[in-house]
Amino acid sequence: MNQKGVILQGSSRSNGNTNTIALFVKEKTGFDIIDLKPKNIGPFEYDLKNKDDDFIPLFKEIVDKYDTLIFATPVYWYTMNGIMKNFMDRITDCLKTEKGIGRKLRGKKMGLISCGSDSELKEGFTMPFIESANYLGMSYLGDIHTWLENGVITSSLQHELYFFIEKKIQSSQLINKKQLAIKPL
Ligand SMILES: Cc1cc2nc3c(=O)[nH]c(=O)nc-3n(C[C@H](O)[C@H](O)[C@H](O)COP(=O)(O)O)c2cc1C
């Protein structure tokens, strides 16, 4: 199984605060960043009329290439931002018509990074991600809430991020590598 991870950045600005956090995590993990902002990803439609936009080829690339998906979203009105919500809604396409792509999510890992205006994250923010991971057969690695102060990541948040990366993300990859190293008799 491919061990590489990707940070799916759902902010409404490509070089904003969520991107600052995503770049920090990229530097420590070597994960790629996919910026969803410039992609042409329409909302979910029951008649699947957006099926020819960027979503299906992008999602196919994601499931083929990556084992760990880190959703990175700013907090807009107490929840994920619209770009990220559209992206998540469109996974439904992969449960209706593109089932082969959807099935490939099983066994993959999901993590969550939220980025707000301060240290407070209201209860319930993480629930849609945890429940979606469960529904899709993915394992949920955990989450971290982030924010910037005067445009920078405080040193205490940097420590929390190191902890999140080491204990939640990288340790799960080590476990997988060990499992892969055990050869069947
Ligand atoms: C439309 C909108 C709604 C927001 N709502 C919240 C909110 O409910 N809670 C919060 O902590 N911050 C809120 N913020 C602030 C952003 O979460 C914060 O500035 C974040 O770091 C922005 O990340 P970005 O630069 O990637 O967009 C909101 C910002 C915008 C633009």
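Order of listing sets the numbers, starting from 1, for every ligand and every atom in it.
- Counting heavy atoms from C-beta outward, L157 and E149 have side chains that stay 4.5 Å or more apart.
- Listed by chain and number, S11, R13, G16, N17, T18, P74, V75, Y76, W77, Y78, C115, G116, S117 each place a non-hydrogen atom less than 4.0 angstrom from ligand 1.
- Counting heavy atoms from C-beta on, the side chains of F55 and N50 never come closer than 4.5 Å.
- Between K51 and D93 there is no salt bridge, since no side-chain N of the basic residue sits under 4.0 Å from a carboxylate O of the acidic one.
- The aromatic rings of Y46 and F44 lie perpendicular to each other, with more than 60° between the two planes, well past the 30° mark.
- Ring-centre distance between Y76 and Y78: not below the 6.0 Å cut-off.
- For the pair K28 and F24, the cation sits on the ring face: its NZ or CZ lies under 6.0 Å from the ring centre, inside 45° of the axis.
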